[in-house]
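Please read all numbers here as calculations on a predicted model, not as lab measurements. Just so we're on the same page: letters track the sequence lines, and every chain starts at 1.
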There are 2 protein chains.
Amino acid sequence: MSTSTPVGPAEAVLMASVARRFYVDGMSKSDIAQQLGMSRFKVARLIDRAIETGLVQIRIGWPGSLDVTLSTDLQERYGLRRALVIDVQDDQPEAQRTALGATAAELLSETVTTADVVGLAWGRSLAAMARSLRRMAACDVVQLTGALQISDDSDSSSVDLVRDVARLGGGAAYYFHIPMIVATGQLGDALRAQPEVARAISRFPAVTKAFVGIGAWYRGGSTVFDALATNEATDLGRAGVCAEISGILIDSSGRPVRVPLVRRTIGISADQLRAVPDVTALAYGADKAQAVAAALHSGLVHGLVTTRDLATALLARPH
Amino acid sequence: MSTSTPVGPAEAVLMASVARRFYVDGMSKSDIAQQLGMSRFKVARLIDRAIETGLVQIRIGWPGSLDVTLSTDLQERYGLRRALVIDVQDDQPEAQRTALGATAAELLSETVTTADVVGLAWGRSLAAMARSLRRMAACDVVQLTGALQISDDSDSSSVDLVRDVARLGGGAAYYFHIPMIVATGQLGDALRAQPEVARAISRFPAVTKAFVGIGAWYRGGSTVFDALATNEATDLGRAGVCAEISGILIDSSGRPVRVPLVRRTIGISADQLRAVPDVTALAYGADKAQAVAAALHSGLVHGLVTTRDLATALLARPH
DNA sequence: ACAGGGATCGCTCAAATGAGCGATCACGGC
DNA sequence: GCCGTGATCGCTCATTTGAGCGATCCCTGT
C-alpha cells in the first residue's frame, strides 16, 4: 500500500499527463495508451499510482454552504436517509438558525411534491425555514403540534407558520391556534376534540413528510422545557427525559417516556409520528448533541438538517 | 452540457455519498448501487452530475515544487518527451538556478542507469545540477564542451563538474580542462587532437543521455556570447544566430548556423548532438523564451527543465 | 380531465477495465 | 560467470462500465 519507489519528477509529469487525459478530458485508458505509445495496463497503473502518491487529489465538497463530507459521515454513522450539514462560520445562534432554515427550506422545495402531505411541528428553526421558503409544491400542510410562546423571539409573525407555508404552494392548510401544553390532561382531551384540532389530527395518518425540531432537556434547550415550571421540568429530567421531538418526550436511548405530561400535550404522538414515512429534524448547537443523538436513535427521525458544530459533536460521540 | 436543474441539498449529499464511495473507497458502481438500493445507471448519472456541477473536483498537481499542469502543457505544445516546470516563487536568478538544478539532479538520478553514458555540457545551470546531485548510477560521464569563464559566478568549484558527477556514482569520467572558445580555427583543431580531448570526443557517439544549457544571443543570455568580443557577437546575431545549445549556434527556426566560430569551438557538434538519443536542456528566465523556442524547434532537444515564468512565456508564443 | 412535452429511469449490448498469470529484464550474491 | 530474487510488462478472461433506446412518470397548458 505504501509507496514502494519515491516518485521522480519525470514520472510525476507522466502521471499528471495521463491523469489529466483520463479525468479532465475524459479519455478512455486505451486511447491514452495508444496516444502515448504504452500499454493500457501501464496507463491504469500510472493512474493508480497518481492517486496513491497524492498527485491526483479528488476533492468532494462545495465551496457553498453545505459540508457534504460531514453530511455523508453523519448519514452513515446514524443510519439516516438524509443528513445536511451546513457550513456556517458565524456562531451566533441567530445566524445559525437562519442558515439552517434556508437549507431546510431548499430541502423542502426539492423533496416535497404535490402528492405529499407535509407535517410541520413548532419551533424557531421551523419558523426560520418557513421564512426562507420561496418555492413550494401545491400540497396539504398539517400542523403537528400546538404553539408555544417563544421566549426570545421578537418577530412573532411565525404564528401562522402552517398557513403561510400552505399558502405559498396553494395547498390546503390544517392548522389551529391552541397552546402546545395545557394545564391538565382533561383540558388536553377537550382541546383535541375541538373541530379545527380534530381536523388536523385526522390528517396525521396521511402525512408523508414531517419537519420537526429537536429540543434538549435543559433551560433554553427546548421550548417545552421552558414552558414548564422549573421543578416540573427537572422532575421530568430525573424521570429520564433527555430530549423532545416535536413535543414527544424521549429518554437518552430514544424511547418515548410515558408521563402524565403527554396527555397535557396537544400534538402528534410518538406512534403517530412513527407512522410518518419521512421525518426530517432540524437542530443546531453543539450543546444539543446528546439530545439529538437520542432522537436519532429513537427511530422516529429519518433525516437531519444541522450545523457543523453539532454534526462534529455527534460524530465525536462514542460508538 | 449545462446544468438543467439546480442542485438541491438532498441531491448534493447523495452525490457526495456516491462520489466518496466511488473515488475514495474505490467501490464499483454496481456495488454502490446495490448498497444504496438504486440502479447502477443512477449511480453513474449521479457521479457524472457531481463532476458537472463541480461538487467533485479533481485536482491534478502537487503541493511540491513541480507544476505538472504547465509541464504537460509544455510537453504537448512542443512535442517534448519530457518537460519539468518548477514552481519557484523567488524570482532571484540565483534561487531559480538552484531550484532548477535540484530538479534536474532528481531527474538525472531517476532516469540514468548504469547502462547509460551521460554527457554534460557547461553552464551555471549544469553546475547547479551537479551541486544538488546526491545519487548517481555508476556510469560513464563525458564532458561535451570546453569550459568558459563564468562572469558572475563566485564559486568556481564547478570547474570539475564532470569529474565530480562521475565520482558520485563511481563511473569513469571523460573530461578536459580546455576553454570552449579559442582564438583560431587552427588552434581549435589542434586542441581537439589533444589526447584527453580526443578521448572525450571519441565517447560522444556512445552518449545516451545528455544534459545541456540553452543560451540566448544577447549580453548575459549566454556564456558563449559573453566570451566573444562585442562586435563579433553582434555580427553573429546579424548573421542569424538566435540561441546556443551547449555551444551549438542555431538560428530562430532552430537550424544550426555555419560560421567560422564553429571551428573555434571545442565541444560537441550539431550532428553529434543530434545522434544522442536523449537530450535534456536546462533553461530559466522568461527573457530566453525566443531562444528556447528555437532550441526546442531544432529537434536537438528531447526534454526541458525550466521555471514557471519561462514556461508561461513559451506557451504564450504564437502557434 | 386530458393530451403534449420533457425529464427520468432502467434495460441491452458492445466497449472498457482490472485481477491474475507467465515471460522478460535488471540486479545482486556466490 | 551464473543463478536466485524481485520488479516490470503484456496477455487473457471475467467483470465493470457507458451510449443508446424505449417506457414511464411528472409537469403544464388547454
Side-chain angles (χ1 to χ4, degrees), chain A residues 1-8 10-11 14-15 18-19 21-53 56 58 108-117 135-139 168-171 208-209, chain B residues 1-8 10-12 14-15 18-19 21-53 56 58 109-117 135-140 169-171 208-209:
Chain A
M1 196 55 54
S2 65
T3 310
S4 48
T5 318
V7 187
E11 194 188 2
L14 181 61
M15 290 194 299
V18 168
R21 279 160 220 266
F22 184 71
Y23 285 115
V24 180
D25 303 343
M27 285 175 68
S28 115
K29 294 187 187 178
S30 311
D31 289 349
I32 298 170
Q34 197 164 11
Q35 189 178 343
L36 299 184
M38 61 180 76
S39 86
R40 54 184 176 284
F41 307 96
K42 179 153 189 169
V43 171
R45 287 190 187 96
L46 282 170
I47 291 173
D48 290 347
R49 198 166 156 72
I51 291 174
E52 256 179 39
T53 56
V56 167
I58 297 174
L108 187 67
S109 302
E110 183 191 357
T111 55
V112 168
T113 69
T114 44
D116 281 312
V117 175
R135 191 165 49 87
M136 174 72 187
C139 64
L168 192 66
T208 56
K209 293 201 168 75
Chain B
M1 194 56 55
S2 66
T3 311
S4 49
T5 317
V7 188
E11 194 189 1
L14 182 61
M15 289 194 301
V18 168
R21 279 160 221 263
F22 184 71
Y23 285 115
V24 181
D25 304 343
M27 286 173 67
S28 123
K29 295 186 188 179
S30 311
D31 290 348
I32 298 169
Q34 197 164 12
Q35 190 178 340
L36 299 185
M38 60 181 78
S39 86
R40 64 200 180 80
F41 304 97
K42 178 154 190 167
V43 172
R45 287 190 187 99
L46 283 170
I47 291 173
D48 290 348
R49 200 166 155 72
I51 291 174
E52 254 179 41
T53 56
V56 167
I58 297 173
S109 302
E110 182 191 358
T111 56
V112 168
T113 70
T114 45
D116 280 311
V117 175
R135 190 165 50 85
M136 174 71 189
C139 64
D140 294 356
T208 56
K209 293 201 168 75

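If you measure from atom CZ of B:Phe41 to atom P of C:dA14, you get 14 Å, rounded to the nearest angstrom. As rounded to whole Å, 15 Å separates atom C1' of D:dC25 from atom CG of A:Asp116. When rounded to the nearest whole Å, the span between OH of B:Tyr23 and P of D:dT16 equals 18 Å. For the pair A:Arg21 CZ and C:dA16 C1', the computed distance is 18 Å after rounding to whole Å. D:dG10 atom P lies 14 Å from atom CD of A:Gln34, rounded to whole Å. Protein atom CE of A:Met38 is 14 Å distant from nucleotide atom P of C:dT17, rounded to whole Å. Between the C1' atom of D:dC9 and the CZ atom of A:Arg40 lies a distance of 13 Å, rounded to the nearest Å.
Between B:Ser30 and the phosphate of D:dT17, there is a side-chain N or O to OP1/OP2 separation shorter than 4.0 Å. One finds no side-chain N or O of A:Lys29 lying less than 4.0 angstrom from the OP1 or OP2 phosphate oxygen of C:dA15. When the side-chain nitrogen and oxygen atoms of B:Ser28 are compared with OP1 and OP2 of D:dT17, one or more of them lie within a distance under 4.0 Å.
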Apply the test side chain to side chain contact (heavy atoms under 4.5 Å, CB included) to residues A:Lys29 and A:Arg21: give CA-CA distance (whole Å), side-chain angles for both, the deciding distance (0.1 Å), then the verdict.
CA-CA 9 Å; A:Lys29 294 187 187 178; A:Arg21 279 160 220 266; over 6 Å; no

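In terms of position along DNA chain D, the nucleotide closest to B:Asp31 lies nearer the 5' end than the nucleotide closest to the other residue of the pair A:Thr113 and B:Asp31. Both A:Met27 and B:Thr114 lie close to DNA chain C; mapped to their nearest nucleotides by heavy-atom distance, the more 5′-ward contact belongs to A:Met27. Heavy-atom nearest nucleotides on DNA chain C were determined for B:Lys42 and for A:Phe22, and the one closer to the 5' end corresponds to B:Lys42.
Side-chain contact between A:Val56 and A:Phe22: absent, with no pair of heavy atoms (C-beta onward) separated by less than 4.5 Å. At least one side-chain heavy atom of B:Met38 sits under 4.5 Å from a side-chain heavy atom of B:Leu46. Here the side chains of A:Val117 and A:Cys139 are not in contact, with every heavy-atom distance at 4.5 Å or above.
Going from atom CG of B:Leu36 over to atom CG of B:Leu14 covers 7.0 Å, rounded to the nearest 0.5 Å. Distance check: B:Met136 CE to B:Ser109 OG gives 8.0 Å after rounding to the nearest 0.5 Å. Separation of atoms CG (B:Asp31) and CZ (B:Arg40) is listed at 11.5 Å; rounding is to 0.5 Å.
The base of C:dG18 lies outside donor-acceptor range of the side chain of A:Arg45, with no N or O pair under 3.5 Å.
The rotation axes computed at either terminus of the helix from C:dA1-D:dT30 to C:dC30-D:dG1 lie 30° apart, taking five pairs at each end and rounding to 10 degrees.
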